[in-house]
Amino acid sequence: MQSPLIFTLLGRAGCGKGTQAKLLTEKFGLTYIGSGEMLRSLAKNSDFAGENIKRFMQEGKLVPSSLIIRLWINRLEEIKAKQDKDFSGIIFDGIPRMLIEAKVLADALSWYEWDKNFKAILVDISREEAFGRLTKRRQCKNCGQLIPYVGDYKNLEKCDKCGGELVVRQDDTPEAINLRLDLFDQEVMPVVEFFEKNSRLIKINGEQSIEKVFEEIVSKI
């Protein structure tokens, strides 16, 4: 059996990780694991975890590593249990966010025998570009699709997927955005350096059109 493709997408908030993850998922038939998606799903619950996750996200804080690691380890267990000859691989979106998570991920991929074709893809944009995009991006009130502030998406008046109303996300306040960008510099950059040191990093110019970013990713992987 050919070794599956395993990718994780890294980059400042607003760089388009989610969009590129979906494009790569479609092209290579990958299984998608998104930290934001999992956390937003839990945040809908009215229990202790749901209320705390909601508060952390609104304030731009990172939820504890213990929680995020548990979520994606459980998902990896599910995928491994169902793995068959048609399994193409996995793409992580927004994982890992801290050095400890990067080391756990590396260990987990080795344990599940998925580490041979693993690469971390950094979609690189400046802090100024990220802030500009985040203060202007929108989300569909109906289906939840994120509408990035790039290319033709800037001119959309309604969701191109379902026609729903476009609104600013609750956690996209300037204060929360600046905190998320600070956390990237403090916590995620050591992750980038870790993968670079271990020859796992692919760096992409994220300040291009969605199509050009995707083309560069495909050409480098």
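Everything quoted here is computed from the prediction, not taken from an experiment.
At a threshold of 4.5 Å between non-hydrogen side-chain atoms, the residues Phe7 and Ile90 do not count as touching. Counting heavy atoms from C-beta on, the side chains of Leu122 and Glu196 never come closer than 4.5 Å. Residues Leu24 and Ile221 meet the side-chain proximity criterion, which asks for heavy atoms closer than 4.5 Å. No side-chain heavy atom of Ile217 sits less than 4.5 Å from a side-chain heavy atom of Ile202. Residues Gln139 and Ile147 form no side-chain contact, since every pair of their non-hydrogen atoms from C-beta on lies 4.5 Å or further apart. Contact of the Trp114 side chain with the Ser3 side chain is not registered, since no non-hydrogen atoms from C-beta on lie closer than 4.5 Å. Contact of the Ile210 side chain with the Leu23 side chain is registered, since non-hydrogen atoms from C-beta on lie closer than 4.5 Å. Looking only at side-chain heavy atoms (C-beta outward), Val150 and Lys136 stay at 4.5 Å or farther from each other.
Other residues, nucleotides and ligands place no more than 12 heavy atoms under 6.0 Å from the CG atom of Asp152. Crowding of Lys161 atom NZ: a count of heavy atoms from other residues, nucleotides or ligands under 6.0 Å not exceeding 12. Atom CD of Glu113 has 12 or fewer neighbouring heavy atoms from other residues, nucleotides or ligands inside a 6.0 Å radius. Within 6.0 Å of atom CG in Leu42, more than 12 heavy atoms from other residues, nucleotides or ligands are found, so the atom counts as buried in its surroundings. Within 6.0 Å of NZ on Lys220 lie more than 12 heavy atoms contributed by other residues, nucleotides or ligands. Counting heavy atoms of neighbouring residues, nucleotides and ligands inside a 6.0 Å radius, atom CZ of Phe214 exceeds 12 of them.
Residue Val192 is grouped with residue Leu105 when hydrophobic side chains (ILVMFWY) are merged at heavy-atom distances under 4.5 angstrom, including chains of intermediate members. Criterion: ILVMFWY side-chain heavy atoms under 4.5 Å apart, direct or through other members. Under it, Leu146 and Tyr149 are not part of a common hydrophobic cluster. Follow the hydrophobic side-chain contacts under 4.5 Å out from Val63 and you reach Val104 in the same cluster.
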(message) For Asn74 and Arg70: C-alpha separation, side-chain torsions, deciding distance, then whether side-chain contact (heavy atoms from CB on, under 4.5 Å) applies.
(response) CA-CA 6 Å; Asn74 287 345; Arg70 176 170 63 84; 3.7 Å; yes
Where do Phe118 and Phe195 land on the ring pair (Phe, Tyr, Trp, His ring centres under 6.0 Å) test, with the steps shown first? CA-CA 10 Å; Phe118 168 66; Phe195 287 133; 5.5 Å; yes
- Query: Can you list the steps and then say if Val123 with Leu9 is a side-chain contact (heavy atoms from CB on, under 4.5 Å)?
  - Reply: CA-CA 7 Å; Val123 182; Leu9 280 159; 3.9 Å; yes
ask   = Given Ile33 and Ile79, is the side-chain contact (heavy atoms from CB on, under 4.5 Å) satisfied, shown in steps?
value = CA-CA 10 Å; Ile33 301 179; Ile79 295 168; 3.8 Å; yes
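Between Asp185 and Arg180, no side-chain nitrogen of the basic residue sits less than 4.0 Å from a carboxylate oxygen of the acidic one, so the salt-bridge criterion is not met. One finds a salt bridge joining Arg133 and Glu129 here, because a Lys/Arg side-chain nitrogen approaches an Asp/Glu carboxylate oxygen to under 4.0 Å.
The main-chain N or O of Asp47 is never found under 3.5 Å from a side-chain atom of Asn45 such that the two would form a donor-acceptor pair. Ser110 places no side-chain N or O within 3.5 Å of a backbone atom of Ala106 that could act as its donor or acceptor partner. Side chain of Glu207 to backbone of Ser126: a donor-acceptor contact under 3.5 angstrom is found. A donor-acceptor contact shorter than 3.5 Å links the side chain of Lys80 to the backbone of Tyr112. A donor-acceptor pair under 3.5 Å links the side-chain atoms of Lys17 to the main chain of Gly11, judged by distance alone.
Side-chain atoms of Gln20 and Asp93 form no donor-acceptor pair, as typed in the model, at a separation below 3.5 Å. Residues Gln208 and Glu216 have side chains that bring a donor and an acceptor to within less than 3.5 angstrom of each other. Using modelled atom types and a 3.5 Å distance limit, the side chains of Tyr32 and Glu37 yield no donor-acceptor pair.
Checking Ile204, Leu134, Ile125 one by one against Cys15, the side chain to side chain contact (heavy atoms under 4.5 Å, CB included) holds for a single residue, Ile125.
To the nearest 0.5 Å, atom NZ of residue Lys44 and atom CG of residue Leu39 are 12.5 Å apart. Taking OG of Ser66 as the reference point, atom CD of Glu101 lies at 9.5 Å (rounded to 0.5 Å). Interatomic distance, Leu201 CG to Thr8 OG1, rounded to the nearest 0.5 Å: 10.5 Å. How far CD1 of Ile73 is from CD of Glu78: 12.0 Å, rounded to the nearest 0.5 Å. Atoms CG and CD, on Leu166 and Gln145 in that order, are 8.5 Å from each other to the nearest 0.5 Å. Interatomic distance, CG of Asn52 versus CG of Leu67, reported as 9.5 Å (0.5 Å rounding).
Summarising the geometry of Leu76 relative to Ala108, their closest heavy-atom pair is CD1-CB, 4.3 Å, with the distance given to 0.1 Å. In this structure, Ala130 and Ala13 approach most closely via the heavy-atom pair CB-O, 3.4 Å.
Ring pair Trp72/Phe92 is perpendicular by interplanar angle, where above 60° counts as perpendicular and below 30° as parallel.
Lys119 pairs by the salt bridge (charged side-chain N to carboxylate O under 4.0 Å, His left out) definition with nothing, not counting sequence neighbours.
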